[in-house]
Amino acid sequence: MTTTPRVDLGALLDRSRAVITSLQEPNGAYPASPSFSAYRGYCWFRDGSFIADGASAAGEAASASAFHDWCAMVVNLHADRIRDIVEAADAGTPLPDELMLPARFTFDGGLGADDWWDFQLDGYGTWLWAAAAHAERHAIDPARWADAAALTVEYLLSSWARPCYDWWEEHDEAVHGSTLGCIAAGLRAAADAGLVTGERAERARAGAEDVTARLERDAVVDGHLVKWIGSDAVDGSLSSLIAPLGVVDPSSPLAAATLRAVSDQLEVDGGVYRFRADTFFGGGRWPLLSCFLGLAYAAVGDRAEARRLLEWAASTADDAGMLPEQVDGHLLAPRFRQEWIDRWGPVATPLLWSHAMVLRLAAELGLDRAELAA
């Protein structure tokens, strides 16, 4: 086993907070990566929600609130589109994928003109969950996001069972385990936190139960969660369903088996792959996925394993303290690496999501300056 280089984690956490807050747009949108050609100018609901959760957990409450304000603005901006989607679904004539909400928006809330693998449901559930967690963490009245939350709940209730692209903008023909988990977490959190109330909250709770039942019935093989229904593969994103999303009980056999599967099949020396068939930039290991796995281990009480994964993620920072999307070394498909570099340039660095997940795992472990110096 390779020894992970020691880094000044305290300095990296300071750097990560600065990267996230300094690059945030004035209206609250988080750029996925400010200079990476394919991501420039866009904010994802999924990535941004996890970025906001990391910032919130690290004490950057104003930054997280501004992002949730931006999400609410975007949802309200597209309210008519959402109502059309819900009405069509209720009538039994669901709209085609190209008329569903996209995964990412321009900073002003627009749809953007670039072709993308856009129809993804997970980000909207993740936003509801992250907004609820932030409101609870910092004693914020969630009513400021209530109108947008109501629209988002209706959208998810109408559409959750549809196939769509996954976290990685792939396989739109499938229903993905992580997508179901994000939706279940969001619906449940929206109801429990008061983002929605009354009859809508009851429908959100019932919807969360239905989504979770589908997940546990159809997206489990050999006792562990799988990448999509009908597959037996695992995906690095599945750790998030244990923590921080909390859809899977950390003490359950399902959590234990999923942790084993992700660790055994996707982790090498602390770095976690997206999935075994990955060819994107050669199929490298992602710091943010190591942090998700670390959060899951922390949830089951294994702080040592969580700390090991955090230290690997931190070790991927460059000399300027910038964390990448993925790293070279132990590539799954090295012959594809240059093809992606030629297409889009070097790996996205900094990736704000990577910085946020380091912050989030460090906060979960309760690391302070004294511990970091030890």
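These figures come from a predicted structure and were not determined experimentally.
- A donor-acceptor pair under 3.5 Å is formed between the side chain of D8 and the backbone N or O of A11.
- Tested against W353 for a ring pair (Phe, Tyr, Trp, His ring centres under 6.0 Å), the candidates W167, F36, Y30 yield a single pass: W167.
- Remark: R276 is positioned above the aromatic ring of Y273, its terminal NZ or CZ atom under 6.0 angstrom from the ring centre and at most 45 degrees off the axis.
- Checked options F119, Y165, W228, F275; the residue passing with H171 is W228 (criterion: ring pair (Phe, Tyr, Trp, His ring centres under 6.0 Å)).
- When atom types are taken as modelled, the side chain of T349 and the backbone of L323 share no donor-acceptor pair closer than 3.5 angstrom.
- Between E87 and R83, none of the side-chain N atoms (NZ, or NE/NH1/NH2) sits under 4.0 Å from a carboxylate O, so this pair counts as no salt bridge.
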Start with the C-alpha gap between L111 and R81, add the side-chain angles, then the distance that decides, and say whether side-chain contact (heavy atoms from CB on, under 4.5 Å) holds.
CA-CA 12 Å; L111 300 177; R81 184 174 185 148; 2.9 Å; yes
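- Using a 4.0 Å cut-off between charged nitrogen and carboxylate oxygen, D264 and R260 do not count as a salt-bridge pair.
- The distance from atom NE2 of H355 to atom CZ of R17, rounded to the nearest 0.5 Å, is 12.5 Å.
- Distance alone, capped at 3.5 Å, is enough to place a donor-acceptor pair between the R303 side chain and the L365 backbone.
- Both tests pass for R104 against the ring of Y42: distance under 6.0 Å to the centre and angle within 45° of the axis.
- For F280, the ring pair (Phe, Tyr, Trp, His ring centres under 6.0 Å) criterion is met by W340, not counting sequence neighbours.
- S56 and H134 form a side-chain donor-acceptor contact under 3.5 Å, judged by distance and modelled atom types alone.
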